[in-house]
**Q** 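Take this structure, written in structure tokens, and hold onto it; I'll ask about it next.
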Amino acid sequence: MTKINAEMIKNAKQQLDNLGCQYAFYFSSPGQEPVLLKNCDRFLSASIIKVPILLAWLRLEQLGQVNRAELCNLDSVPQVQGAGFSWLLRGRMLPYQDVLMLMIALSDNLSTNLIIERIGLHKLANTIQDDLGLTGAELQRKLMDYEARSRGLDNWITAADCIRLFELIEALPAADRRLAEDMLAVNQDDLLLRRNIPRDTLDFYHKTGSISNVLHDWGYTKDCRTFLLTQKVKAEPPAFEVFGQLGKWMIT
């Protein structure tokens, strides 16, 4: 990879500042000093929280408290829509491994709520913060729970947590890491960091998240780790362009 230089960093900061939003951009590759450009630390998670949820499941499974082969009844929680399509599936019983896959690959909200229900919101939140060491990651409500949001409850992530996520995945047992990477690799959203990279030319293990005025992309390749978190975005088209330009760092 081409060495990231001072001019690239200067241009990246200018592009990000010109968006007029809150942001945190990170890029690291072997043999180079990590780049972290930010004007904010704490972000609405906008589905990035689903990566800590996956890692918490894997940690609890190591402890014998959950089992990915166990069958999940898709009708066991209130049906929510938004991202994903598990609410449309005709078959209503799936192994939890498939539910986890839908949560990561399609950002499926119903699947996420089923995982939260199976573990328990408070136990899951504590596992994320205390066992995984993601001290700024807050899971306060299920997905699409507007009543909880109206009471001020939401899900949060920090730039420091996003950096730690890379370390946690790298430390997974080999079989669990393969499982996580298989799910991250088939993420169907290529509109952000990957938008300017030719199709089928790069293995990018990533998770995106988007809600109104919030766009995130977190992930890694065999050569680098990167993420861009943005919130209070004024207009999406200029933000998409910045994501695309900074995503090309992965192939410089």
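The first residue in the sequence is number 1, and the count goes up from there. Here the structure is a predicted model, which is why all the values come from computation and not from measurement.
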**Q** Assigning hydrophobic clusters by single linkage (Ile, Leu, Val, Met, Phe, Trp, Tyr; side-chain heavy-atom cutoff under 4.5 Å), is V80 placed with I211?
**A** no

**Q** Can you find a heavy atom in the side chain of I119 that is under 4.5 Å from one in the side chain of T127?
**A** no

**Q** State, with a plain yes or no, whether a side-chain heavy atom of R118 is found less than 4.5 Å away from one of W57.
**A** yes

**Q** Considering non-hydrogen atoms only, spot the tightest contact between R92 and Q79 and give its length.
**A** NH2-OE1, 2.8 Å

**Q** Closer than 3.5 angstrom, by distance alone: can the side chain of Q245 be matched with the main-chain N or O of Q15 as a donor-acceptor pair?
**A** no

**Q** Side-chain atoms of residues 33-40: list all donor-acceptor pairs with protein atoms under 3.5 Å, sequence neighbours left out, distances to 0.1 Å.
**A**
unit_1: K38; atom_1: NZ; unit_2: D41; atom_2: OD1; d: 2.3
unit_1: N39; atom_1: OD1; unit_2: Y23; atom_2: N; d: 2.7
unit_1: N39; atom_1: ND2; unit_2: C21; atom_2: O; d: 3.1

**Q** Answer yes or no: is there a donor N or O on one side and an acceptor on the other, between the side chain of N126 and the main chain of H122, under 3.5 Å?
**A** yes

**Q** Taking all non-hydrogen atoms of both residues, which atom of Q188 and which atom of V186 are closest, and how far apart?
**A** NE2-O, 2.6 Å

**Q** Can you tell me if T221 uses its side chain to pair, donor with acceptor, with the backbone of C224 under 3.5 Å?
**A** yes

**Q** Would you find a donor on one side and an acceptor on the other, under 3.5 Å apart, between the side chain of R164 and the backbone of T135?
**A** no

**Q** State, with a plain yes or no, whether a side-chain heavy atom of D203 is found less than 4.5 Å away from one of K222.
**A** no

**Q** Determine, stepwise, if the pair M183 / M103 fulfils side-chain contact (heavy atoms from CB on, under 4.5 Å).
**A** CA-CA 9 Å; M183 294 177 180; M103 177 180 74; over 6 Å; no

**Q** Nearest heavy-atom pair of L110 and P78: which atoms, and what distance?
**A** CD1-O, 3.8 Å

**Q** Would you check if there is a donor-acceptor pair between the side chains of S107 and K50 at a distance under 3.5 Å?
**A** yes

**Q** Mind checking whether T112 and I115 have side chains closer than 4.5 Å, heavy atoms only?
**A** no

**Q** According to a hydrophobic-cluster definition based on side-chain heavy atoms being under 4.5 Å apart (Ile, Leu, Val, Met, Phe, Trp, Tyr only), do L44 and L143 belong together?
**A** no

**Q** Do you know which of L192, L215, V214, N213 makes side chain to side chain contact (heavy atoms under 4.5 Å, CB included) with T230?
**A** L215

**Q** Before giving the answer on side-chain contact (heavy atoms from CB on, under 4.5 Å), spell out for R141 and E147 the whole-Å C-alpha distance, their side-chain angles and the decisive distance to 0.1 Å.
**A** CA-CA 10 Å; R141 62 170 178 83; E147 189 277 331; over 6 Å; no

**Q** Same cluster or not: are F243 and L191 linked, directly or through other Ile, Leu, Val, Met, Phe, Trp or Tyr residues, by side-chain heavy atoms under 4.5 angstrom apart?
**A** no

**Q** Please check if the side chain of R59 supplies one atom and the backbone of D131 the other of a donor-acceptor pair under 3.5 Å.
**A** yes

**Q** State yes or no: do W87 and V77 share one hydrophobic cluster built from I, L, V, M, F, W and Y residues joined by side-chain heavy-atom distances below 4.5 Å, directly or via other members?
**A** yes

**Q** Got a donor-acceptor contact below 3.5 angstrom from the N155 side chain to the Q140 backbone?
**A** yes

**Q** Do W156 and L228 belong to the same hydrophobic cluster, where Ile, Leu, Val, Met, Phe, Trp and Tyr are linked whenever their side-chain heavy atoms lie under 4.5 Å apart, directly or via other members?
**A** no

**Q** Side chain of N109, backbone of G82: donor and acceptor closer than 3.5 Å?
**A** no

**Q** Could you identify which residues cluster with L71, counting Ile, Leu, Val, Met, Phe, Trp and Tyr as linked when any side-chain heavy atoms lie under 4.5 Å apart, either directly or through a chain of such contacts?
**A** M93

**Q** Answer yes or no: is there a side-chain heavy-atom contact under 4.5 Å between W249 and T226?
**A** no

**Q** So, do L19 and V233 sit near enough that their side-chain heavy atoms are less than 4.5 Å apart?
**A** no

**Q** Check whether D161 reaches the backbone of A137 with its side chain - one donor and one acceptor, N or O, closer than 3.5 Å.
**A** yes

**Q** Are S111 and D108 close enough, and set up right, to give a side chain to side chain donor-acceptor pair (under 3.5 Å), and what steps lead you there?
**A** CA-CA 5 Å; S111 294; D108 191 281; 3.0 Å; yes

**Q** Under the side-chain contact (heavy atoms from CB on, under 4.5 Å) test, which residues partner A235, sequence neighbours left out?
**A** P237, P238

**Q** Salt bridge (charged side-chain N to carboxylate O under 4.0 Å, His left out) for K142 and E117? Distances and angles first, verdict last.
**A** CA-CA 9 Å; K142 289 183 176 179; E117 181 72 16; 2.5 Å; yes

**Q** Go through the steps for I48 and F227 under the test side-chain contact (heavy atoms from CB on, under 4.5 Å), then give the verdict.
**A** CA-CA 11 Å; I48 298 298; F227 61 78; over 6 Å; no

**Q** Ring centroids only, cut at 6.0 angstrom: are F166 and W218 within range, meaning strictly under it?
**A** yes

**Q** Side chains of H206 and T208: does their closest heavy-atom pair fall under 4.5 Å?
**A** yes

**Q** Is a side-chain N or O of E138 found less than 3.5 angstrom from the main chain of I157, in a donor-acceptor match?
**A** no

